[in-house]
Every structure is written in structure tokens, then in C-alpha cells.
**Q** 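Can you keep this structure in mind? I'll have questions shortly.
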Amino acid sequence: MASTTTTTIALVLATLLALTISGARGQPAAPGPSPAPRNLTAVLEKGGQYNTLIRLLRATQVEQQINSQLNNSFNGLTVFAPTDNAFNTLKAGTLNRLSQQEQVALVLYHVLPRYYSSSMFQTTSNPVRTQASGSNGVYTINVTSTPSQTNISTGVVDTPITNTLKSDFPLAVYSVDKVLLPYDLFGSKPPAPAPAPAKEKPDKTPTTDGPSAATESSPSAAVGLKGRGAGWSFVVGVGVMGIVGSLL
Ligand SMILES: *[C@@H]1O[C@H](CO)[C@@H](O)[C@H](O)[C@H]1NC(C)=O
Ligand SMILES: *[C@@H]1O[C@H](CO)[C@@H](O)[C@H](O)[C@H]1NC(C)=O
Ligand SMILES: *[C@@H]1O[C@H](CO)[C@@H](O)[C@H](O)[C@H]1NC(C)=O
Ligand SMILES: *[C@@H]1O[C@H](CO)[C@@H](O)[C@H](O)[C@H]1NC(C)=O
């Protein structure tokens, strides 16, 4: 009896100590040495140039959907991540013209309902189904791939995969330099080529929600994110601190 109590007290103390340490590092105690995060947002934050996509994922609540799918899916997921620059070079108002439902479809169009390593793309037959759908059914992309390069075609946009951010079942995340515009939403009236930027912008703004994002019209305005800017910057800050903390 006494020894059971002692053991219990020791366990409680050990737990408290562990909680204190993990609290000080701003991270829940993670099991095992550096577990690969299967958290899309964490992968994108680490990439550093996917802030618009992260905001869209949040605003459309696709982030939640993806995280729970990653948890439950036998097939995994593949995500194409357009850079902030890809969103910036969209013709002004491109996203604003979409209904909320179409904005969700646009985001889901960047998600494939299974995990593809880059070698798996070489054996995929076209068209490849995405997670987006509309009145005409499931939206698709075409993929052409060699060992050295993978190209994606939507029928409106052609772009290569430029970088692998993560490829580790169940999650693959590939960087692309263009927003994948679904043929079903943009095919009948292909958007004019993006005009030269009207205003010179600072090259790389470190903030996620600087004045340029607010005046820039499309991505943030489209999903009514302006009001959330401050809160979101805070979340990003904490997230980055978390990542940095986990590396220390
Ligand atoms: C995923 O990562 C983000 C940013 O690091 C974090 O805010 C979020 O809570 C994480 N979600 C899950 C389900 O772990
Ligand atoms: C993942 O699944 C576990 C167990 O099924 C559950 O407790 C947890 O909340 C899930 N996490 C997410 C992000 O859905
Ligand atoms: C990808 O597209 C580029 C540019 O159009 C082309 O040069 C290249 O051959 C394509 N690669 C594949 C694997 O289709
Ligand atoms: C995609 O591939 C299918 C099958 O090869 C083809 O019929 C279709 O025209 C292609 N679409 C585009 C947009 O390249």
C-alpha cells in the first residue's frame, strides 16, 4: 500500500515535470524522436511562402477536413501548394469572382484523395480525380511525369512541380508556381494573362498580413480575411515559434 502510494506520487510528479517542460517549450510532449508531422499547416508554415494558401485553407475550413482525413484515410492525401507569389500573379479579382462554394472547390482542387510519391505519378493514368467537384462532377487534372519532372495540366493552367515539401505516407505536399485553376470554373472564359503589377511591392515581405496583402484585392479579400489578419499573424507567430522550439 505504502509503496503503491509512493509510486503514484512519483508518477504524478514525473507527469507534472513533463508537462512543465513541454509547456516551457510551447509544445505538447511529442512521442519519439522528431516525429514527421502529418499536419499540412505545419508543413506549409515551415515552407515559409504559402501564407495565402494557409489562409484559404482556414477560411474555407478545408484545413479541418484535411486534418481529419489524414487521420482516417487509408489512401493518404496529396496537396499541391501554390506559393504566395502564385496567388499574387493571379489577375486581380480572380478569387473575388468566385462564390464561397467555388472558393472551397478551388482549394479542394489542389488536393488529391490519395498519396502520390513522385514516382507514382509516372504510372498514373489521366485524368486524375481531385477532391473538388461541381455540377459537372469531379474536377480532374492531368499529370505527365518523367523521373526528372512532373507537369500538371488543368486545361487552363500548365505548371511543373517545382519542389517536394513533404513526401511521406500519408501526406505528400508539392510546391507549384501557379494556382491550379479548374477548367470547370475558368475554362469557358480563360482569364487574361496577369497584368504587370500596378504598384511596386516590397520584394519579400516577412509579415503575412502587411498593407500589401490588404490592398492587393484578391486572395485575402475574397474570403473576408482582413478582419482576421491580426489574429492570424499571431497564430503564425506562435506556430513558427512552436516549430523553432521543436528544433531546439
Ligand atoms: C497543425 O499545425 C498548426 C501549425 O503548426 C497548428 O496550429 C495546429 O494546431 C496543428 N493541428 C493539429 C491537428 O495538430
Ligand atoms: C485522430 O484520431 C484520433 C483517434 O481516432 C482522435 O482522438 C483525434 O482527435 C483525431 N485527430 C484529428 C485531428 O482528427
Ligand atoms: C513539362 O513541361 C515543360 C514545359 O512545357 C516541357 O518542356 C517538359 O517536357 C514537360 N515534361 C513532362 C514530363 O511532360
Ligand atoms: C487529360 O487526359 C485525358 C486522357 O488522356 C484527355 O482525354 C484530356 O483531353 C486531357 N485533358 C487536358 C486538359 O489535357
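In each ligand, atom 1 is the first atom listed, and ligand 1 is the first ligand listed.
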**Q** Judging by distance only, is a nitrogen or oxygen of Thr144 under 3.5 angstrom from one on ligand 3?
**A** yes
**Q** Please determine if Asn39 has a nitrogen or oxygen closer than 3.5 Å to a nitrogen or oxygen of ligand 1.
**A** yes
**Q** Indicate whether atom 14 (O) of ligand 3 is within a distance of less than 4.0 angstrom of some protein heavy atom.
**A** yes
**Q** For atom 2 (O) of ligand 4, state whether the nearest protein heavy atom is under 4.0 Å away.
**A** yes
**Q** So, Ser118 and Tyr174: side-chain donor and acceptor under 3.5 Å apart, yes or no?
**A** no
**Q** Could any protein non-hydrogen atom be found less than 4.0 Å from atom 10 (C) of ligand 3?
**A** yes
**Q** For atom 7 (O) of ligand 1, which candidate among Glu45, Glu63, Arg58, Gln64 holds the nearest heavy atom?
**A** Arg58
**Q** Against heavy atoms of Asn126, which atoms of ligand 4 measure under 4.0 Å?
**A** 2 (O), 4 (C)
**Q** Give me the atom names and distance for the closest heavy-atom approach of Tyr139 to Ser133.
**A** CE2-C, 3.7 Å
**Q** Keeping the roles fixed (side chain from Gln103, backbone from Leu95), state whether a donor-acceptor pair exists under 3.5 Å.
**A** yes
**Q** Which atoms from ligand 3 have a heavy atom of Thr146 less than 4.0 Å away?
**A** 13 (C)
**Q** To check you understand the geometry: which heavy-atom pair defines the closest contact between Gln149 and Pro160, and what is its length?
**A** NE2-CB, 3.7 Å
**Q** Pairing donors with acceptors under 3.5 angstrom, does anything connect the side chains of Tyr115 and Ser167?
**A** yes
**Q** Show the numbers, then the answer: is there a side-chain contact (heavy atoms from CB on, under 4.5 Å) between Leu165 and Tyr50?
**A** CA-CA 11 Å; Leu165 299 177; Tyr50 306 95; 3.6 Å; yes
**Q** Identify, for atom 8 (C) of ligand 3, the protein heavy atom at the shortest distance, and state residue, atom and that distance.
**A** Gln149 OE1, 3.5 Å
**Q** Side chains of Leu77 and Leu70: does their closest heavy-atom pair fall under 4.5 Å?
**A** yes
**Q** With atoms numbered from 1 as shown, which atoms in ligand 4 lie under 4.0 angstrom from a non-hydrogen atom of Gly155?
**A** 13 (C)
**Q** Is the shortest side-chain heavy-atom distance between Val128 and Thr140 below 4.5 Å?
**A** no
**Q** If you measure from atom 6 (C) of ligand 3 to every heavy atom of Asn142, Ile161, Asn151, which option wins on shortest distance?
**A** Asn151
